[in-house]
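The next block holds one structure in the form of structure tokens; read it before the comments.
All residue numbers refer to positions in the sequence shown, counting from 1. For ligands, and for the atoms within them, numbers begin at 1 and follow the listed sequence. The basis for the numbers below is simple: all heavy atoms, side chains too, and nothing from hydrogens, waters or symmetry mates. From a predicted model like this one, the values you see are computed outputs, not experimental measurements.
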Amino acid sequence: MEFLPIFMNLRGRQGLIVGGGEVAARKAVLLEQAGASLRVVSPALISPLQEMQREGRIDYRQGEFEEGDLDGVALVIAATDNAAVNRQVSELANARQLPVNVVDNPQLCSFIVPSIIDRSPVQIAVSTGGSSPVLARLLRARLEAAIPAAYGRLATLVESFRDRVKARFDNVNARRKFWEDVLQGRIAEMVFSGHQKDAEQALEESLAQADTGPAGEVYLIGGGPGDPDLLTFRALRLMQQADVIVHDRLISKEVLELTRRDAHRIYVGKERDNHSVPQDQINQLLVDLAKEGKRVCRLKGGDPFVFGRGGEEIETLTANGVNFQVVPGITAALGSSAYAGIPLTHRDFSQSVVFVTGHLKDGSMNLNWKGLAQPQQTIVFYMGLKGLPVICEKLMEHGLPADLPIALVQQATTPRQRVFTGTLGDMPERIASEEIKPPTLIIVGNVVKLHDKLNWFRSEAMIARGE
Ligand code: SAH
């Protein structure tokens, strides 16, 4: 993070603007909106600034910038067209530890001014750290469009009820849930459609009827294979509501970052053969947290109901009377298939697809090999890396040809994705010298032939290798 975004209270404090041109005039208006009193220093002023001076809105000193102009000010903006003056302002202000901004010169700035979406009292500031003001403006335009102008009125309504809501709920979680219902439901819509009075009335009623007890709940959420863009809207919304996040190893850092910043995160591990927290303890943890009134996001890789033991977790919840929701995610087979350009079915190659676990137990796999080794069928193995030699051997033993294509997809959909292809006959040997990182998925069948043609995704690793 190059700059820390903060919101500064300038009410009644003095801001200095060095310069009298158009940019200076824009900054003057901005500082004035923030309630600052303004000093402007410049040999000349363009007419909007002259007007501000006539109206007594700025304190103007005609002349070149001098060090004494910095006395008593809280913030400085240099907006002259003279690089040497701008640099001098920056150096002198820095020597006094005064926040200083030099227009269009991030190197000389101790603060930068973001693009602002103003829904006072709601303010959204967008910055690209000075790297692209145009991009910041484009983002701002998108946000302007997405955030109704009435958000300001909504915030004002919330403010006026804040103390009473606080007094009514002594449980923080119940209070937060109350506000979320207000801000996302009927009452917010009333404000947006201009029915302020009705909204106030409805808020009164909700407050009177609200259930003030703890309202714990568990959201069993599929976090997908890694790329955060593959989350569902519902997953994202609930991830941002939850008070506690219980996650395991398969959840990518990028996905985890989309959970609420102040949520408590609990890592429950889960590695092959080595569950850092045993499943029954995870089940119990979810029950206990929900009973404390927490909204718990149980975040699992891929889809919670595909080799995810999600079923067991919610069985325990039902047995304990805890409310829950299940949000599907993109399972690894679908993420790998899409991002490796390997369609799982195809009219010419495969009419069915099966998902199986290739988890090795005591050196073998208890699978219906005969059923798997069918012509025109794609087989996807989860957790199959260790068992790869056994998989290849068993499939050939049950009649699949040694030249049948097979693919191994490492860390699908992430910047670290790699795809290895070979045949049942040579794959174990081919990858023996490779350093393959989990998680990986195995796809067996003639559809793998399509990879060379349909492989569209360029991961960062591939770009770095010049592929
Ligand atoms: N519930 C998960 C699967 C959990 S089992 C889902 O629906 O995807 C764990 C196995 O999933 C791993 O051993 C690996 O085979 C597969 N897997 C999960 N994420 C993956 C990814 N990003 N790339 C490749 N395989 C992945």
Expected output: side-chain Thr331 to main-chain Gly302 donor-acceptor under 3.5 Å: no
Salt bridge flag under 4.0 Å for residues Glu313 and Arg309: no
Close side-chain approach of Arg119 and Ile124, heavy atoms under 4.5 Å: no
Ring-ring centroid check Tyr151 Phe192, cutoff 6.0 Å: yes
Give every pair formed by an N or O atom of ligand 1 and a protein N or O atom closer than 3.5 Å, one pair per line with both atom names and the distance to 0.1 Å, or write none.
unit_1: ligand 1; atom_1: 1 (N); unit_2: Gly301; atom_2: O; d: 3.0
unit_1: ligand 1; atom_1: 1 (N); unit_2: Asp303; atom_2: O; d: 2.9
unit_1: ligand 1; atom_1: 1 (N); unit_2: Val306; atom_2: O; d: 2.7
unit_1: ligand 1; atom_1: 7 (O); unit_2: Asp303; atom_2: N; d: 2.8
unit_1: ligand 1; atom_1: 7 (O); unit_2: Asp303; atom_2: O; d: 3.4
unit_1: ligand 1; atom_1: 7 (O); unit_2: Thr331; atom_2: OG1; d: 2.6
unit_1: ligand 1; atom_1: 8 (O); unit_2: Thr331; atom_2: OG1; d: 3.4
unit_1: ligand 1; atom_1: 8 (O); unit_2: Ala332; atom_2: N; d: 2.8
unit_1: ligand 1; atom_1: 13 (O); unit_2: Met383; atom_2: N; d: 3.2
unit_1: ligand 1; atom_1: 15 (O); unit_2: Met383; atom_2: N; d: 2.9
unit_1: ligand 1; atom_1: 15 (O); unit_2: Thr440; atom_2: O; d: 2.6
unit_1: ligand 1; atom_1: 22 (N); unit_2: Pro225; atom_2: O; d: 2.8
unit_1: ligand 1; atom_1: 22 (N); unit_2: Ala412; atom_2: N; d: 3.4
unit_1: ligand 1; atom_1: 22 (N); unit_2: Ala412; atom_2: O; d: 3.2
unit_1: ligand 1; atom_1: 23 (N); unit_2: Ala412; atom_2: N; d: 2.8

Check against salt bridge (Lys or Arg N to Asp or Glu O under 4.0 Å), Arg164 and Glu204: CA-CA 10 Å; Arg164 287 172 54 202; Glu204 286 288 357; 2.7 Å; yes
Under-4.0 Å salt bridge between Arg176 and Asp243: yes
